[in-house]
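Okay, structure first, notes after.
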Amino acid sequence: MSVGIVQERVAAAIAEALEIVKKQGLLTSEMFPSPVVEFPKREEWGDLSSNVAMSLAKKEGKSPRVVAELIAEQMRAACPFFEHIDIAPPGFLNFTLRRDCWDTVLTEVETQGACYGNSSIGHGRRVLLEFVSANPTGPLHMGHGRGAALGEALARLLRAAGYAVEREYYINDAGRQMKLLAASVYARYAALEGQTIAFPEDGYHGAYIQELAQGIQEQMGSNLLSLSPEEATARCGELAYEKLLAAIKQDLADFGITFETWYSEASLFTTGKIHDALNDLEKRDLVFKADGATWFRSTTFKDEKDRVVCKQDGDYTYLASDIAYHYDKLTRGFDWLINIWGADHHGYVPRMQGAVEAFGYPKDRLQVVLVQMVSLLRGGQKVEMSKRSGEFVTLQEVADEVGADAAKFFFLMRRSDTHLEFDLELAKKQSSENPVYYVQYAHARLASLLRIAEERGLTVPVVSDVDLSLLAAPEEFRLIKHLSSFPGLIESCAQALEPHRISFYLQELAGLLHAFYYKHRVLPPKEGEVQADAVEPGPDGEAVEAPREVVSPSVTQSRLALLQQVKTVLHNGLTLLGVSAPEKM
RNA sequence: GCGCCCGUAGCUCAGUCGGAUAGAGCAUCGGCCUUCUAAGCCGAGGGUCGCAGGUUCGAUUCCUGCCGGGCGCGCCA
């Protein structure tokens, strides 16, 4: 697996050395694992290190140190690009490369630009990514926001990794929840018209139901009262559904989330797909009738028990819709189905994978990413959220308060399967301390610097035109090394379906940039500007004055070239998360 | 009761396949703006990686048991 152009080169050199040592009869393994090359924890241990000798030692019956010696000796002889190769106990290979080996990283970023970090490991395989899929029975809340941010980031990540991704929203516009919505709205509407109708027991109580009823009253007047209660309820349901779905689409658009397809559950009924899917299962002898109901024999696929697909009263269950829906996804020719679900649905995963298997596909054709709950805190107090009680904070409200960028970044800072606490008061009060600003600020700082350079007639040079050996400061070298690991990061995040690591990478990169920025100057002083001495902390932490670094024209050129590449990677990373990279802040 | 997830610094959390002295942000404390954006930088303190075993050269990471927290076990969705 590639983790960047330099690491790849070292890994290849190790692999080559292993084969040569084997030919010399000093190693005996049939096959060697592809060597793992990573950044050592401490800079003194070199630029890159590998534990390959340790992992081979046992099989070879030699001590890790001896294996490391064999590899190192061969590599020293064969590879011109190492400054030196050290061995550290118990058998680490620590590589220090010639400084100019790293310069290819900058060229790479420059030539690939917005595509730097992309790869083709997906081989164009078609992925259906289904997410949010909230019932259109109310506005989206925080939990949906987390799923939305995750889905969008995953779509972008997988595309960057070479997959052909389609984003889809499954609209649960059939079944009991829709009936409850209709009845709730009708009851409110009737009340506005002076009639009292029993409010459904499990109905929706949110204030938005009242607003929907008012909207319908304004639109229809008292016309609905002339219909039968059943017809009026149905009409209320349709109108409410249209408005709520439109609101959901708007909320998502405002949050920067789009979908290629909106798939209606109700369409599964009208097109006969439920029937088709169940027929298919029947042919495979995977459905049976018992107790007046129809069952899917999901225990065949390691589910705890068989599940009802058609109830005694003849209605299909939600599972039946879902089976048909996934049947349809599979027949649409996708190579990989990814669903993002709330973690409270985890018990549902085995039976859906069972359904996939039932249709003759490997069960991992469907992968479910679970998203844990978001607890909303307001001033340290937990806000209980439930659509039924109407007690919840909407995604829209949160995005208005803290901004869509900050909200998305916040959602993507943690692994999706851990519980997330989001304190609104804190997010509002300390929004400037939100890590998203730290990263965005790094980008804006660079944009500003490059802008000023242009204003002073200093065009950003092409990497090949500058003397990269001038980038000798540790802060500069760290930036270059960090840029080199971006492609590998994207690959591993895409494979693990874990975009949160991108946000950590960006925070590190921003940190390196800010450290560089404080310590070094890029542009020459303006004419007549008196350069004060720099202030640096001395050994005891007290400030000491140090002479200000002199920036020659060629150093300026080299640094501009470097920073342009840093800016590109910050931009690419933020874009993957669906967060904007501002030119000014 | 059974199943899934989580348990790492005061708080919120990172920590690919087992690797070297376990990291970051916030909070606390001490410094740094006449300069290209201080929404920034530098430094200090802070840890039994829930507990106990096991596997091995080596375990926060893998296995088993236990404790604590969350969720799920409908002819609801």
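Note that these values count all heavy atoms, side chains included, but never hydrogens, waters or copies made by symmetry. Letters go in sequence order (proteins before strands), and every chain restarts at 1. As the structure is a computational prediction, the values presented were derived from the model and not from experiment.
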Below the 4.0 Å mark, does [N] have OP1 or OP2 next to a side-chain nitrogen or oxygen of [X]?
X      : N      : value
A:R415 : B:rC6  : yes
A:K311 : B:rC76 : yes
A:R445 : B:rA38 : yes

Less than 4.5 Å apart, any side-chain heavy atom of [X] and any of [Y]?
X      : Y      : answer
A:M178 : A:T137 : yes
A:R297 : A:R307 : no
A:Y517 : A:L449 : yes

Review point. Rounded to whole angstroms, how far apart are NZ on A:K519 and C1' on B:rU37?
Key: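 So the NZ-C1' distance, A:K519 to B:rU37, works out to 21 Å.
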
Check your understanding: Atom CG of A:L319 to atom P of B:rC76: distance rounded to whole Å?
Key ->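 Taking atom P of B:rC76 as the reference, CG of A:L319 is at 12 Å.
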
Is there a donor and acceptor pair, one atom on the side chain of [X] and one on the base of [N], closer than 3.5 Å?
X      : N      : result
A:D344 : B:rG72 : no
A:H419 : B:rG69 : no
A:S492 : B:rU16 : yes
A:S321 : B:rA77 : no
A:N94  : B:rA20 : yes

Sub-3.5 Å donor-acceptor pair from the side chain of [X] to the main-chain atoms of [Y], do we have one?
X      : Y      : answer
A:N339 : A:V368 : no
A:S50  : A:E38  : no
A:N94  : A:G46  : no
A:D417 : A:L370 : no

Tell me which nucleotide among [options] gets nearest to the side chain of [X].
X      : options                : answer
A:Q177 : B:rG19, B:rG40, B:rA77 : B:rA77
A:L449 : B:rC36, B:rC13, B:rA77 : B:rC36
A:T418 : B:rU37, B:rC13, B:rG40 : B:rC13
A:H500 : B:rA20, B:rC36, B:rA14 : B:rA14
A:Y438 : B:rC41, B:rC17, B:rA14 : B:rC41
A:R501 : B:rU16, B:rA39, B:rA77 : B:rU16
A:A293 : B:rA39, B:rA20, B:rC75 : B:rC75
A:A88  : B:rA20, B:rG72, B:rG15 : B:rA20
A:R176 : B:rA20, B:rG40, B:rA77 : B:rA77
A:I452 : B:rC32, B:rA39, B:rC36 : B:rC36

With a 4.0 Å cut-off on heavy atoms, is [X] in touch with a base, just the backbone sugar-phosphate, or nothing at all?
X      : answer
A:A444 : base
A:H346 : base
A:F504 : sugar-phosphate
A:D291 : base

Please tabulate, one pair per line, each protein N/O and nucleotide N/O from nucleotides 56-58 of chain B that are separated by under 3.5 Å, including the distance.
none

Point to revise | Under 5.5 Å and under 30°: A:W45 stacked on B:rA20 | key: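 It does: the ring sits over the base of B:rA20.
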
Point to revise | Earlier contact from the 5' end, RNA chain B, for A:E44 and A:S416 | key: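 Comparing both residues, the 5'-ward one is A:S416.
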
Check your understanding: Does A:G511 or A:D306 map to a spot on RNA chain B nearer the 5' end, using the closest nucleotide for each?
Key ->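 Checking each residue's closest nucleotide, the 5'-ward one belongs to A:G511.
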
Check your understanding: Is B:rC33 in the syn range, within 90° of 0, or in the anti range?
Key ->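 Classified syn.
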
Exercise for review: May I have the step-by-step check of side-chain contact (heavy atoms from CB on, under 4.5 Å) for A:D47 and A:F39, ending in yes or no?
Suggested key: CA-CA 6 Å; A:D47 298 342; A:F39 290 115; over 6 Å; no

**Study point:** Salt-bridge contact A:E455-A:R451 (side-chain N to carboxylate O under 4.0 Å)
**Key:**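 A salt bridge is absent here (no side-chain N lies under 4.0 Å from a carboxylate O).
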
Point to revise | Inter-nucleotide C1' distance (B:rC17, B:rA59), Å rounded | key: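 B:rC17 and B:rA59 have their C1' atoms separated by 14 Å.
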
